[in-house]
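Note that the coordinates shown come from a computational prediction; the quantities given were computed from them, not determined experimentally. Computed over heavy atoms, backbone and side chain alike; hydrogens, waters and symmetry mates excluded.
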Amino acid sequence: MKRLYLLAAILIIFEGIGHTQERECGFDHDINPFGAIDAKNSTKLEQRGTGNCCNTECIPVVFHIIHHPDDPYIPDEFILGQFRMLNSNFKGYIAGKSKIPPEFRKLVGLFPYRFCLASSGEDRNVPAILRVETNQKKIGVSEDLFNSELGGSTPFDTELYLNIWIADCGDFISGFASKPGQEEKGKSGIIINPIYFNSKAPSQYSEGKVLVHEIGHYLGLEHTWGHGYGCDIDDGIGDTPLQYGPYFGCPDYPSYSCNTSNMFMNYMDYVDDQCMVLFTMDQTERMTETLNHSRPGILHNVSICYEHNKRNVPFALYPNPAREFIFLSKQDLSLQGTMEIKFYDVLGQMKYELTLGDDDIFPYCLDISTLETGIYLVQLSQLRGVDYTIKFAKFDKS
């Protein structure tokens, strides 16, 4: 593994579509901190059901921030903000829907699970954000990364958590992801270069899509053009068109290669964050199969998640806006007793109600698929006579 240090000397020159030098995902590199990658040995996945989209299962995430003095500082607030972005993009709740060409809109997939920041131990009010100071440059491509005694950060159990290290990988590698079924024992997760993942990142990386891209790899997806360049290479996904190589920037639509209109706006391409806007149905099916087959221990009940206790805000609803389901979370864990929940439309008419008690598990999933599109006020009443109101927006399914 000493050859990992050679990565610092690599000058990456792209020869495919775009013919320019840009950042590169390290997923296909022979030199990978997670172990050897055999591009010809793809993991075979069994067909599994996707499960109910209104479930309380989540993928708990642990962040290890290995900070060098030359690295941009990444505050907890930035990490917390990434989860709304992650869940919105994986669920298809995207602001850039208009950037999906009509020929591809019918292919958009909705990932049935959500991501949450794990709690650090039994106290759910302590987030699993571990910070380590280092003087070692490019520790993101060193074995030391995975060992707290060597200046890195030892992972939480990799069979139960998605571990994400934010660490220097050099100038051009944006990140690495471990490949399902081809990881060294105890080394599983994602490495993100802080250059491309911070609140002051260049505009083309300002929306956190580097992390979305690498999670796609972690869940079994290849780049849309497969391995290398050429029209005889494929990503193994049925509804992504053949593509010669990567795209960069924000290409004009349509763009062609291999006699097909290319889906360059896919999260598994190299375009700017503003132009990455979809996973396909077959991609989300592959990611779900990977969880069931190669990473079966990762899914957990949301009780393992961090609860951000905002002062004077006893409850939270998320995602907001939403389409088919939302979660009701107790921000004040001391609240007990029966709770009445009522949805009122803008005319003050009650459209939905239910009652929850101490035996119900929080966060609680509510099916809102029958609600009409619009703005609602959600009133939560406790037996103690105090009412709380949260504004909520319901999307349509299109």
Flag the pair F279 / Y267 as yes when their ring centroid distance falls below 6.0 Å, and as no otherwise. yes
Does the side chain of M276 reach to within under 4.5 Å of the side chain of K209, using non-hydrogen atoms? yes
Same cluster or not: V212 versus L219, using hydrophobic residues (I, L, V, M, F, W, Y) connected whenever any side-chain heavy atoms lie under 4.5 Å apart? yes
Determine whether I192 and E214 make a side-chain contact, defined as any pair of heavy atoms from C-beta on separated by less than 4.5 Å. yes
Electrostatic pair K394-D345, nearest N-O below 4.0 angstrom: no
Show, in sequence, the C-alpha distance, side-chain angles and deciding distance for F197 and V210, and conclude whether the side-chain contact (heavy atoms from CB on, under 4.5 Å) test is met. CA-CA 7 Å; F197 188 73; V210 169; 5.5 Å; no
Would you say the side-chain atoms of S88 pair up with the backbone N or O of M85, donor to acceptor, closer than 3.5 Å? no
Would you name the heavy atoms of C258 and Q243 that are closest together and state the gap between them? SG-C, 3.7 Å
Pair T280-D282, side-chain donor/acceptor within less than 3.5 Å: no
In Å and rounded to the nearest 0.5 Å, what is the OG1 to CG distance from T224 to N262? 8.0 Å
Working to the nearest 0.5 angstrom, can you tell me the gap between L328 CG and I341 CD1? 4.5 Å
Test your reading of the model: is there a side-chain donor-acceptor pair from S178 to the backbone of G189, 3.5 Å cut-off? yes
Side chains of H223 and H213: closer than 4.5 Å at any heavy-atom pair? yes
Does NZ or CZ of R295 lie under 6.0 Å from the centre of the six-membered ring of Y218, at an angle within 45° of the ring axis? yes
So do the side chains of W225 and D269 get within less than 4.5 Å of each other, counting heavy atoms only? yes
Centres of the W165 and F176 rings: under 6.0 Å? no
Consider only side-chain N and O atoms of E207 and N89, and report whether a donor and an acceptor are under 3.5 Å apart. no
So do C305 and C58 have their SG atoms closer than 2.5 Å? no
Determine whether a donor-acceptor pair (N or O, by modelled atom type, separation under 3.5 Å) exists between the side chain of T260 and the backbone of S257. yes
To the nearest 0.5 Å, tell me how far L242 CG sits from D235 CG. 8.5 Å
Using a 3.5 Å distance criterion without hydrogens, assess whether the side chain of N87 forms a donor-acceptor pair with backbone atoms of F83. yes
Taking the side chain from N193 and the backbone from I173, do they hold a donor-acceptor pair closer than 3.5 Å? yes
Pairwise distance CG(D272) to OH(Y205) - rounded to 0.5 angstrom: 7.0 Å
Under a 4.5 Å cut-off applied to non-hydrogen side-chain atoms, are Y253 and S261 in contact? yes
Are V108 and I237 connected into the same hydrophobic cluster when the rule is that any two of I, L, V, M, F, W, Y join if their side-chain heavy atoms are below 4.5 Å apart? yes
Kindly give the heavy-atom pair with the smallest separation between A167 and I191, and that separation in Å. O-CG2, 4.3 Å
Near D70 CG, under 6.0 Å, is it more than 12 heavy atoms from other residues, nucleotides or ligands? yes
Shared hydrophobic cluster, Y113 / L160 (ILVMFWY, side-chain heavy atoms < 4.5 Å): no
Would you say the side-chain atoms of D168 pair up with the backbone N or O of K137, donor to acceptor, closer than 3.5 Å? no
With a 4.5 Å heavy-atom cut-off, do I65 and L130 have their side chains touching? no
hydrophobic_cluster_shared for M350 and L371, side chain cutoff 4.5 Å: no
Please check if atom CD in E103 has more than 12 non-hydrogen atoms from other residues, nucleotides or ligands closer than 6.0 Å. yes
Quick check: do F111 and I59 have side-chain heavy atoms less than 4.5 Å from each other? yes
Main-chain N/O of Q274 paired with K99 side-chain donor or acceptor, under 3.5 Å: yes
How far does CG of D273 sit from SG of C250, to the nearest 0.5 angstrom? 9.0 Å
I'd like to know if the side chain of S148 and the backbone of T154 have a donor-acceptor N/O pair within less than 3.5 Å. yes
Please work out which of the three classes, parallel, tilted or perpendicular, describes the rings of Y376 and F343, given edges at 30° and 60°. perpendicular
Would you say I304 and L162 are hydrophobically clustered, going by side-chain heavy atoms of ILVMFWY under 4.5 Å? no
Determine yes or no for a side-chain-to-main-chain donor-acceptor pair under 3.5 angstrom, with S142 supplying the side chain and I139 the backbone. no
Flag side-chain contact, heavy atom, 4.5 Å: E77 against S199: no
To the nearest 0.5 Å, atom CZ of F172 lies from atom OH of Y196 at 7.0 Å
